[in-house]
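First up is the structure itself, then whatever we jot down about it.
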Amino acid sequence: MISAPVSTSPHGPGQFLAEVMAATPGDNRLNLCVQCGSCGGSCPSGPEMEHTPRRLFALIRAGERDTVLKSNAPWYCVSCYYCTVRCPQDIHITDVMYTLKSMAIKAGLFHDAALPGFSETFVDYVEKYGRSFELGLATRFNLRHHPLSLAGMAPMGLAMLKRGRIDLTPHRIDGMAQLSAILEKAKALEAAP
Amino acid sequence: MKAMFYPGCSMQRNARPYLDSLQAIKGDIDLELQEIADWNCCGATEYMSVHRVAAHSLVGRNLALAQHQATGTDLLTAGCSACYLNLAKTDAQMREDAQLKGTVNEALAAGGLAYQPGRLKVRHLLDIVCHDIGYAAIQAKVVKPLHGLKVAAYYGCQVVRPDYDGRWDSHERPTSMDKLLQALGAEPVDWSLKTQCCGGHMSVIGPDVAFGLIRRLIHGAREAGADMVVTLCPMCQLNLDAYQVEMNKHFHTDYQVPVLYFTQLMGLALGKPAKELGIGKEFVDAAPALAKIQAEAPKAEATKRKRRPKASDGLPMPGMESRHD
């Protein structure tokens, strides 16, 4: 289906909406939100979000860029896709949340660095080894963002170890140079206008 | 039936019992799996938050390797919900978005690879087991029916949603795993939370949010009379099992609902020894529940509890006060 055109002026409120839509793949239909609230009502972490998806989309429309990119809402999205399948307008809501997260990181706009911190630590390990490394991820993330919780995490880590459910060292894939070349190229293409 | 296989990082380690039980049963159900050689991480739900095109390219490498290595099959399967969804999503969005298809292939070319979207049919393991191998064929192999075991089939989110290729009977109340468990002789309970979220990454970045979601699911399964929750995803298993212990500490509750993989129950019904199926590596001991079907299960290591539950704690909600002891 073809989405209705978004009215945009170079600096008007519609510009932010156009920007979010352009950064989200496919026919994401964000401009067609009717503010029904099915998304927020379906959201497992909705009650803990500073703005429900419905409110976030109204703010995007109004061009409230800073408020939107500072909100904890996209980070509290658990990618359950309930909102996406229930949206009567077929808006790709979860994909929009991913767009807002990467825009917030680029703009440096979040008030709790722990929120993007987990994604960024995860990405670091994948880019270094080609695989996720749970022990390193949990330790480094908590050390940086929740140092006081580390002691509390220890018994669970030990229990995982006893059950053979955690590795002490990361596994590096053979094709690491190939993967790095692919990711580097992808990032260059993503940054290109 | 043959499929390319993407194990993913979790199955390799924290969800090792899932992989071990799959390896144990695959011959019995005539499932041949060809692992993608030198696969990389799928990015989980995190990579996409930082770099979108690179996230698709990360997955694109796995798709390209699978396409290149596949012999005698165009199926690609994963047991982890997030791995499955990432593979399916990149394939679907490359099909839908010509620009993305071009960009990802330009990135892949830097590593000497290419992927033609649509060339592989990406399917979750449960989908293949239920819909291709089929309930009747599995039932015919059952030697130790799980009579008397009440199970809550838990699907979680990312297998049934967004469901790019329309594989499931419902996005909210699917029945495939219930039918599979029935074919094994178990009794699936009717419960309303089978596709609600396990907490996902909130168990790490915002545990209080996750604890509420975990308690809702564990409580719901127990209220429905289930002896255990049966899952198809490493993340769901980790949150509901390992974090059930943490959740009990947080709310001063004492839930003890074991969480096993559907492949582990298939293994028991097919007569495999519990140890070979990784049973005993769970945090919440499954042995008491499995005693109902006379399965000798290695006892899970006891997890030490810091303090006794306090009667006055927890949310003032009906039914929440009830405990085992």
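Proteins come first, then strands; the chains are lettered A, B, ... in the order of their sequence lines, and each starts at number 1.
Neither the backbone nor the side chain of A:His145 comes within contact range of chain B; no heavy atom of the residue lies under 4.5 Å from a heavy atom of that chain. Proximity to chain A (any heavy atom under 4.5 Å) is restricted, for B:Asp97, to the side chain, taken from C-beta onward. Of the atoms belonging to A:Met103, not a single heavy atom falls under 4.5 Å from chain B. Looking at A:Phe133, neither its backbone nor its side chain comes within 4.5 Å of chain B, counting heavy atoms on both sides. Interface remark: B:Gln99 contributes no atoms to any contact with chain A (heavy atom separation under 4.5 Å). Looking at B:Cys41, the atoms closer than 4.5 Å to chain A (heavy atoms on both sides) sit in the backbone and in the side chain alike. With a 4.5 Å cut-off on non-hydrogen atoms, A:His146 touches chain B through its side chain but not through its backbone. Of the atoms belonging to B:Asp241, it is side-chain heavy atoms, and not backbone ones, that fall under 4.5 Å from chain A. For B:Ser10, the parts lying under 4.5 angstrom from a heavy atom of chain A are both the backbone and the side chain. Looking at A:Glu127, the atoms closer than 4.5 Å to chain B (heavy atoms on both sides) all sit in the side chain, from C-beta outward. Looking at B:Ile205, the atoms closer than 4.5 Å to chain A (heavy atoms on both sides) sit in the backbone and in the side chain alike. Looking at B:Glu106, both its backbone and its side chain come within 4.5 Å of chain A, counting heavy atoms on both sides.
For A:Arg163 (side chain) and B:Glu282 (main-chain N/O), a donor-acceptor pair under 3.5 Å exists by modelled atom type. Remark: side-chain polar atoms of A:Gln178 are not paired, donor with acceptor, to backbone N or O of B:Gly112 under 3.5 angstrom. Judged by distance alone, with hydrogens and angles left aside, the side-chain atoms of B:Asp38 form no donor-acceptor pair with the main-chain N or O of A:Ile173 at under 3.5 Å. With B:Gln158 contributing its side chain and A:Cys80 its backbone, the two residues share no donor-acceptor pair below 3.5 Å. A donor-acceptor pair under 3.5 Å is absent between the side-chain atoms of B:Glu96 and the main chain of A:Gly26, judged by distance alone.
Under the 4.5 Å side-chain criterion, counting only non-hydrogen atoms from C-beta, A:Val126 is not in contact with B:Asn40. Using a 4.5 Å cut-off on side-chain heavy atoms (C-beta onward), B:Cys9 and A:Arg131 make contact. A heavy-atom distance below 4.5 Å is found between the side chains of A:Leu179 and B:Leu58. Side-chain contact between A:Phe122 and B:Val204 is absent, with no heavy-atom pair separated by less than 4.5 Å. With a 4.5 Å cut-off on side-chain heavy atoms, B:Leu238 and A:Met160 count as touching. At least one side-chain heavy atom of A:Asp95 sits under 4.5 Å from a side-chain heavy atom of B:Lys89.
When each of B:Cys198, B:Ala54, B:Gly200 is scored by its heavy-atom pairs under 4.5 Å with chain A, the top score falls to B:Ala54. Counting heavy-atom pairs closer than 4.5 Å to chain A, the top-ranked of the candidates B:Gln93, B:His51, B:Gln12 is B:His51. Your options are A:Gly130, A:Ala188, A:Ala138, A:Ala181, and the one with the most heavy-atom pairs under 4.5 Å with chain B is A:Gly130. Most heavy-atom pairs under 4.5 Å with chain A, from the set B:Asp163, B:Thr195, B:Leu65, B:Leu213: that is B:Thr195. Put simply, of A:Ala114, A:Ser119, A:Ala177, the one with the most heavy-atom pairs under 4.5 Å next to chain B is A:Ser119. The choice from B:Gly206, B:Ala210, B:Ala242, B:Gly43 that makes the most heavy-atom pairs within less than 4.5 Å of chain A is B:Gly43. Annotation: maximal heavy-atom pairing with chain B below 4.5 Å, among A:Val123, A:Thr99, A:Thr94, A:Val78, occurs at A:Val123. When each of B:Arg61, B:His56, B:Arg161 is scored by its heavy-atom pairs under 4.5 Å with chain A, the top score falls to B:Arg161.
The pair A:Arg86-B:Glu172 counts as a salt bridge, with a side-chain nitrogen and a carboxylate oxygen less than 4.0 angstrom apart.
Distance check, rounded to the nearest 0.5 Å: NE2 of B:His201 to OG of A:Ser45 gives 7.0 Å. Atom CH2 in A:Trp75 sits 12.0 Å away from atom CE in B:Met202 (nearest 0.5 Å). Within the model, atoms NZ of A:Lys101 and OG1 of B:Thr45 stand 6.5 Å from one another, a figure rounded to the nearest 0.5 Å. From B:Arg16, atom CZ reaches atom CD1 of A:Ile166 across 14.5 Å, with rounding to the nearest 0.5 Å. The OH atom of A:Tyr81 sits 10.0 Å away from atom SG of B:Cys157, with the distance rounded to the nearest 0.5 Å. A distance of 10.0 Å separates SG of B:Cys197 from OH of A:Tyr82, quoted to the nearest 0.5 Å.
Taking each heavy atom of A:Gly164 and B:Arg13 in turn, the nearest pair found is O-NH1, 3.2 Å. The minimum heavy-atom distance linking B:Ser57 with A:Ile182 is given by the pair CB-CG2, 3.8 Å. Here the closest non-hydrogen pair linking B:Asn14 and A:Arg165 is O-NE, 2.8 Å. Closest approach of A:Lys185 and B:Ala110 over heavy atoms only: CB-CB, 3.8 Å.
Surrounding NZ of A:Lys70 are at most 12 heavy atoms belonging to other residues, nucleotides or ligands under 6.0 Å away. Other residues, nucleotides and ligands contribute only 12 or fewer heavy atoms inside 6.0 Å of the NE2 atom of B:His68. Within a 6.0 Å sphere centred on CD of A:Glu184, other residues, nucleotides and ligands contribute 12 heavy atoms or fewer.
A:Tyr125 and B:Glu46 are not linked by any side-chain donor-acceptor pair at a separation below 3.5 angstrom, with hydrogens and angles left out of the test.
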